[in-house]
Each structure stands twice: as structure tokens, then as C-alpha cells.
Amino acid sequence: MSGRMIADKTVKYVLFVNAILSIVIVLAIAFFIFRESIQAWTEIGFSDIVFKSVWRPGQDQYGILAMIVGSVAVTFGAIVLGVPLAIGSAIFLGEIAPKGVQSLLRPAVQLLGGIPSVVYGLFGMVVLVPLLRRINVPGNSGYGLLAASIVLAVMILPTITSVAEDAIRAVPDSYRSGSLALGATRWQTITQVVIPAGKSGIVAAIILGVGRALGETMAMIMVIGNSVIFPQPLTANPLTLFLSQARTLTGNIAVEISYATGVHESALFATGVVLFALIIIVNVSARWLINRQSAITTTRQG
Amino acid sequence: MQKIKRLLTFGFTLIMILVVVAACAQTAGENPTSEIPTSEVPAGEMPTNEVPTNEVPTSEIPAESTTITMAGSTTIQPLAEKFAEAYMTDHTNVRIDVQGGGSSVGVKAAGEQTANIGMASREVKESELTEFPGINVFTVARDGIAIIGDPNLSVDNLTIEQIKGIFGGTITNWKEVGGEDANIIVVSREEGSGTRAAFEEMVLGEEVLITETAILQPSNGSIRTTISTTPNSIGYLSFGYLDDSIKPVSVEGVAPTEANASNGTYPIVRPLNLITFGEPTGELKAFVDYMLSEAGQAIVVAEGYLAVK
Amino acid sequence: MINENLEPMLHNNSATLRSNLKVRSASQNFWFSIMWLAGLITLVVLLLVLGYVIVQGGKAVNWEFLTTAPRGGLSGEGGISTTLGTTVYLVIITLLIATPLGVGAAIYLIEYAGEQGLTSPIMRVLISITNFAVETLAGIPSIIFGLFGYALFVSTLRFGWSLLSASLAGACLVLPTVIRTTEEALLTVPDDYRRGSLALGATKWQTLYKVVLPAGLPGIITGIILSVGRIISETAVFFVTLGGSHRLPTSIMEGGRTLALHLYYLAMDTNAFDKAMGTGAVLVILIILINLTINIISSKLTAKVRGG
């Protein structure tokens, strides 16, 4: 009996160690990436890295502002293109679609999320880039923000759709019945009752999508052109901005890490630190919103 | 119905796993030396060996069963693999591991003795010689860098000044250099690439920097793919990678051919350098001598590079 | 999963209410068709990508392609056998590391954390930090895991570009997936099972091992299969930790190239778009199979829970 109890205790402590391993890993990630970047912060300086946009390791210039802008621009493009579709699909799945259609579309969204990013990248390179090259604007190579945004929009769609659908489904059914009983149409119920009630969850879904978009690497390298420039319109038409090439923070790391030595390598880790910080901010705010959402729905439900 | 569906899926999965296992077993069973690639793609600039697994502290290697590690330039990598393959068939006690990483990594690896031989597809810089005073540089082959355009490019010849203008971003339309009215799309290698460094050093000089709007690609292969599929694009490429999918452009009226490069008329030729720490001795010296021997230089020529003798 | 269980019940309820109210304005019809369109576009996008890759890539896929080794070269000669092999090795090693850690962590968080939290405020804080860490881990982009693996395993610990470095970094990547799915699986096991077992005199661990874990097994397996999918499709992490040699590694200290990495190299370094597409088709088919398996297991699971 006592042997069993000792075994029981041991197991408990072993499992406890397993559980806190996640904390250890997160701290280790932060520690090692920061440690490798220290040389860059001290030798180049924070403001010369974050607020300068010239990246020429050969000339000892390591500004990543252009890549921060590149990451933000491509994420913005992906959100503009992807969010209406994703939220539309979520509303459709949660409120409108008949059972049969749901059981077709839900695995489809799941599958869309499972497709490897290199496959999206390849599809972008082989199908999308040649297609976009036909847009007749001088200097348009097909590679650039638009191609990257479209690829990214498809990649973040599953994340946004599934989280937003969960948020919509979490809205208690009494809300809907109440609204319908008051004579509202189903569409009015969706826009006036369901969406406002699930708002934080839906916003969180979008923010999680932003996090996913900021972090995507390989597909971006394959379609964005990787030029280290501030994205700028190719002609007088400001919309041609999206035909401009760019480089993302993630792409900068992946493309150059195997070449880099010394300060250059350290500067790439500094790029990683900036990316890590951005992602943490984005994800923490998404989590906060999701928790608030579940707090709201449970209190109201109760 | 459900049951049958489930059974089918599991059956299919099982078959896939069997295929995989069979495939592995088969390849594992094959003679590994026969698999050394004849011209391996510069493995996407992958394994830098700043941190090699087979570390040999000094250039001196004991005679019995030795491992020689090479690391650095991805341009030299396929050539080095050929050297290694040929040498290992005659010297079964030697194992030669060839890794990529790029020219800068090659110099550093030799200087810090994390590899026995570093590879650099450019001249070793003054700064590197000061940082690693113990290194010993020798040229194993030479390589031309061709200026290439997409297959339908309207221009056949460019002067050095025109090339400077195009890559520097001051010439932006093909009509300025005698071609069609179309915007020029510049494609270049990444910072850190030996091919880029050699191109900058020999063509652009100190004052011209590659335009920021250039599309940057991380390997020789992806440069070639991008240019072959992008109309009105221009870039530069090692001779070894030239093929029908792209159009080589003459420089100052001289076509980028091996003949023109070896007789000195083609202007953009760089050395392919190997670097050791100190004078090589023992088995390492034997391997280095082999690469510079007639047999070794025959391999250089067969791979499309220029012999040094 | 809980949502799915409750969902049909709620739906029937409101469906009757809704059908009683036949109030349909033109605006509603318009917006509903837009929503239908959104769903349709999503489906079309999926079919487009899958269809293109499978049809185009399918041309390159045959028995020879699957069973010969890549020969390298600028035209991307050869097949994909060694990359399939490396993928299998990497999946197995990564899961050997991640599964015990992840499942253990989940068991603690679900089965022990509650009572520990009651007794000690420090434990309560620690547990909430753990939950936060798991969330954070799930949101970190893969290139960051790659950088971490490069700095710690490849450089500091001197494992070099190897299966070991890659699988350790990969294990960190899939850990949150394993933890979260196992937690969900454990939550679906009815409390009566635990009480019954404890009442019969079993210790807590015996209860977990003999009763709770078997009951939650399908859910845990779902999590593992989900992780298999993540490892197969991951590129960025292995790009900086696995090296890129297309030869089959013969030990855990050697590097290699997974299917997804091979696809990247083919697309970026060679002119062999057909082979790249072929590799893509194989990848996509593997992912479809994985998703099918997961759906079958979870539908089985739901059926069982409903039956019980």
C-alpha cells in the first residue's frame, strides 16, 4: 500500500515537471534569442536597428525598419483580403449553412489550415506570380506585396474562421430566440445580436490571424521578392504600392541566417527579437479578448 | 458503411507507411558512395558549418581512417563534392564531408579551425586576413560570372558602364541601352553571397551599390529560375549554372564562354579559393595536392570551371 | 468538442423557432447570399489549390518517383524516397520527445492542478503561468522556434545540423498541440469514471493509468496525429536546424531533408517545377489522409461519449 502511495507521489512530481516545462521553453526561447542578439544591440545600437531602413550587412548597415513596414504591409493586405471572407465563412458556418453544407465546409476549412506553407508558396510562384505579372504597370515583376497578401489571406483564413465560428456558437441561443421573438429577421438577429455578443471573440480571431500572418516565413520568401525597400507605389497610382516588392522580418531571418557570421548573424537574431515582441503583444491581446468573451458569455448565460 | 470507409482509410494509410518504409529500406541498402550527387544543387546555402559535428582541431590529421571537413561557398560545393567522391574511391580510409554555408562562413570556419578546409568563391578580404592571420589561401579553380537576361531579352551586349548603371539603379529602362521600351527588373544574390561579393568587386567597384529595388534570391538556382520566368529581368550567374532557360549577354562585346574566360578576354572571372589553417600536412596535404594535380584539374574542367594550370 | 455535442440540440430548438418566423426581407436574402458566397469561395479556393497541386503534381508521381533517391543536380533529378525516409525519422523522433512531455503536462493540468491550486496559492499562480506559457508557445511563429533551435541545439550544445537538433526544436513546436488536445480529451472523460475507480480503492495514478487515459485515448491519438501533420508540413524550423543534405541520415547526429524542405529546394534551386509539384502532391495527399483519420477518430469519440 505504501509502495503504491510513493509511486503515486513520484508520478505527481514527474507530471508537475512536465507541466512547467512549457514555462521553461518559453523562457529559454526568449533567453537564447535575446542572448544571441546582444552583440547587435550593443555594437549597432537599438535606434540604428529599429528606426533605420538601410540593410546592407556588407557596409555594416543593419536597419530593419523597411522589413517591419514590409511585414505590417503584407499583414494589412492579407487582413483586407482575408478577413471579410473568413468572417463571412464563420457566420455562414455558425448561423446560416444547413447541416449538410456545414459537414462539408468545416473539414474543408480544417484542411485549408493543414496544407503546408511551402505548398501555398509554390502555388503562388507557379500560378499567382505569372498571373499578377500581366497587370500592366512598369516595374511590375509579379513578385511583391499583392502576391504575398493573397497567399497569406488564404493561409490565415482557417485560423480566423474557426476561432470566429467558435465565438459565434458560444453566443447563447436564448439571445437568438429573444431577438427572433421580437420580430427581427434572422439577418437582423445576426448583425444586431449575435455579432455584437460575440464581438470580442471575433476580434480575437482576427488578431490571431494577424499573429499567424506576421509569423509566416517560407511562403513569403517564395513570392514577395525579398528586396530590402520601403514598399512604394511603382507609378503615380498609389494602389501600385501593392505591386512593390518587399521583405518581411521572417524572410530576412530565413534567407540570410545560413550566410551570416558575427554582427550580421547577431542582427538577424535582433530581427527575431523584434518579431517575437510583436507576436507576443498581438497574441496576448487576442487571449485577453477571448478570455473577456468567455467571461461575458458565461456570466450572461448564468 | 461507416465501417467500410474507416477500414479503407486505415488500409490506405497502412499502404502509404509500407511504401515509405520500403523506399527507405531500398535506398539505405544501396551503396552510399554511388549516391554522391554529380552536381548537387548548392543545398540552398544550408548547413553553415560554423559548428561542425566532426570537429578536427588542427590541420594535422592522423594517417589511419581520417575525416576531412570542408565548409563554405555553395558555388564551390558541387565541385568539392566531385573532388571528394573521386578522392575517396582511391583512399578508402578517408571520409570527406562537404558542407555549404557561404564564402564568409568558409573563411571563418578555416580561420577558427572548425573545418579543415574553408571554401570561398571570392578573394579573401584584407579584414579577414587580419582577423585570421594563420590562414593559407590557394586557388583551386577559376569561374566566370555571366550577365544573364530572360530568354527573350532584346539586348545582346552591354558595356561595363551600362551594367553599373543598370545594377546601380540609374538606368531603369531597356531602351536606354538599345533595347525595347520596357522597365528593367534587376535580380541579385543576397548579401554574404560570394558571387555577389565578386560581382560587386569586379564590376561595380566601390562607389556603386546594388539598387534597393532589386529582387533578391537566396541561391544560384533561384536566380536562374526567377530570370528565366520574369520578362525583362537581368542578373548575374556563375558559368557552371548557365543553361538554355536564360540568355547570356556579352560584356564589352565578349561572349561569356569558357574559351574567352581562359584566354583573358572575358573580364569577369573570379578565383575559387580553398583555405586551410597553416600549411596542410599529412592526409590533408595529400588531398590538397590531388585537387591541384592534373587529375584534379580535369574534374574542374569537366564541371564547367576554368583550370588554374 | 463540447460545442459540437451541444450544437445539434440547440440547433433543433432554434430551428423550429426560426422556421415559425417566416420574416424574410429582401435585405436578408441579399446578405444571406453574400454569406453563401463567402462559404462557397472558401471551398473553391481549397479545391483550386488542392486540385491544381494534385493534378499538376500527379503527373510526376509514380512508383519510381516514390522509391528512388533524389540525385541532386540543377535539374532536380531523381525521386523523393530519402526525403520520405527523413520525414518519417523526424516525425518518429519528434513525437517520441513531445508525446510523453505533452501528455504528462496535460494530465497534470487537468487531473492535479485543480486540487493543488486549492491548497497553495503559489501553485495556483504557477499553474496559471503554465497555461499562459502554453498559449504563448502555440502562437510563436515557427521561424522563432527555428532560431531558438539554431542558437541552443545547433550552436550552443553543438548538435550541429542534425535529426536531433531538428526534432528537439520540432518537439517544442508541437508541444502545445499535444497538450491542448490531450487536455480536451481528458475533459471529456466523465467524472463518474474517476470516482468509481477511486471508490474501488485504486490510487490516483492507477485511476489515471487504468481508467482515465484509456477512456481519453482516441482524443490523445487525435492530438498526436495532428502533430504528425504539423511536422510534415513544417519548413521554417527544419530549414535552420536540419541541414539540407538529400541523403538519408544514418544516425541521429546527421542532417537531412524532409519532403517539405525538398519541395522548397526544388522550387527555389532547380528548374524542376514538375518534381516540386509532384512532391507537393504527395505532401497534400498525406495531409488529406491525416485529416480524414482525425475526423474518423473524433466522430467515433463523439459517438462513444453520446452512447455512454
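Reminder, nothing fancy here: chain letters follow the sequence lines and each chain counts from 1.
- In this pair, B:F199 and B:Y236 present their aromatic rings parallel. The plane angle is below 30°, not in the 30 to 60° band.
- When atom types are taken as modelled, the side chain of A:R212 and the backbone of A:M155 share a donor-acceptor pair closer than 3.5 angstrom.
- Contacts between B:T172 and chain A at a heavy-atom distance below 4.5 Å are absent for every atom of the residue.
- Interface check for chain B: of the options A:R56, A:H264, A:E256, the most heavy-atom pairs under 4.5 Å are formed by A:R56.
- Interface remark: B:S103 contributes no atoms to any contact with chain A (heavy atom separation under 4.5 Å).
- Interface remark: B:T226 contributes backbone and side-chain atoms alike to the contact with chain A (heavy atom separation under 4.5 Å).
- In summary, the side chains of B:R189 and B:N220 do present a donor paired with an acceptor at a separation below 3.5 Å, with no hydrogens or angles considered.
- Checking each of A:L214, A:L145, A:V69, A:V151 against A:V74 for a side chain to side chain contact (heavy atoms under 4.5 Å, CB included) leaves exactly one that passes, namely A:L145.
- Interface summary for chain A: among B:I185, B:T211, B:I184, B:N173, the most heavy-atom pairs under 4.5 angstrom belong to B:I185.
- Interface remark: of the candidates B:A214, B:S104, B:S222, B:A197, B:A214 forms the most heavy-atom pairs closer than 4.5 Å to chain A.
- Counting heavy atoms of neighbouring residues, nucleotides and ligands inside a 6.0 Å radius, atom NZ of B:K164 exceeds 12 of them.
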